[in-house]
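Note sheet for the following structure.
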Amino acid sequence: MRRRALWLGLVLALTATGACGDGDDGPGALLVTVEMPAGRVGAAVLELTGEGLLGVEGTGSARAIGRTTASGALRIVVAAIGAQPPVVRVPVVNRNAALPVAVVLQASDASDLPLSGVGQVQVRIEPEG
């Protein structure tokens, strides 16, 4: 009886541990969306600060280029070639790592006019998939 209780406890402990997370650390990607509450972003320069950022790829009609700065941040230039907000894909070393912090350095509206303040531009970062 004692052996059965010990075995049941071990199975429950392993099941609970497995349910805490997917435990699937490894490569993945983040989706970064640039948008404004009123109007549409035509282009933006962003800087992402975080661990394991590997580059940038445009998705859909968005075009993007990026490079790592001397401080280790990933600077991205993104342009929207369509009606949707620009979304870029950022490959990462560990899909379960903390999300990076984004700062908007410059932005323009859909008519390519510079925005006087970048405070109205919002950046949403979420894991892909």
My understanding is that only residues two or more places apart in sequence, or in another chain, count here; which of them pass side-chain hydrogen bond (donor to acceptor under 3.5 Å, both in side chains) with [X]?
| X | value |
| --- | --- |
| Ser71 | Thr69 |
| Arg124 | Glu35, Glu126 |
| Glu57 | Arg89 |

Answer yes if [X] and [Y] sit in the same cluster of Ile, Leu, Val, Met, Phe, Trp and Tyr residues linked by side chain heavy atoms under 4.5 Å apart, and no otherwise.
| X | Y | result |
| --- | --- | --- |
| Ile125 | Val121 | yes |
| Leu115 | Val78 | yes |
| Val123 | Leu31 | no |

ask   = Under a 4.5 Å cut-off applied to non-hydrogen side-chain atoms, are Val56 and Ile65 in contact?
value =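 When only atoms from C-beta onward are counted, Ile65 and Val56 do not touch, as no gap falls below 4.5 Å.
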Closest heavy-atom contact between [X] and [Y]?
| X | Y | value |
| --- | --- | --- |
| Gln122 | Pro37 | NE2-CG, 3.7 Å |
| Gly55 | Pro91 | O-CD, 3.5 Å |
| Leu30 | Pro127 | CD2-CA, 4.0 Å |

inquiry  = Working note: Ile76 + Val90, criterion side-chain contact (heavy atoms from CB on, under 4.5 Å); need CA distance, chi angles, decisive distance, verdict.
reply    = CA-CA 10 Å; Ile76 300 169; Val90 177; 4.3 Å; yes
Side chains of residues 99-107: which donor-acceptor partners sit under 3.5 Å, not counting sequence neighbours?
none

task = Considering only Ile, Leu, Val, Met, Phe, Trp and Tyr, and joining two whenever side-chain heavy atoms are under 4.5 Å apart, list the other residues clustered with Val93.
result =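 Leu54, all in the cluster of Val93.
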ask   = Quick one: does Arg40's side chain have a donor or acceptor within less than 3.5 Å of a partner on Gly82's backbone?
value =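 It does hold such a pair.
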Between side-chain atoms of residues 41-50 and protein atoms elsewhere (two or more places apart, or another chain), which donor-acceptor pairs fall under 3.5 Å?
unit_1 : atom_1 : unit_2 : atom_2 : d
Glu47  : OE2    : Arg75  : NE     : 3.0
Glu47  : OE2    : Arg75  : NH2    : 2.4

inquiry  = Within the supplied structure, the quantity of interest is the number of heavy atoms (other residues, nucleotides, ligands) at a distance under 6.0 Å from Glu128 CD; does it exceed 12?
reply    =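 Yes, enclosed.
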Pairwise distance CE(Met36) to CG(Asp109) - rounded to 0.5 angstrom =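 It is 6.0 Å, given to the nearest 0.5 Å.
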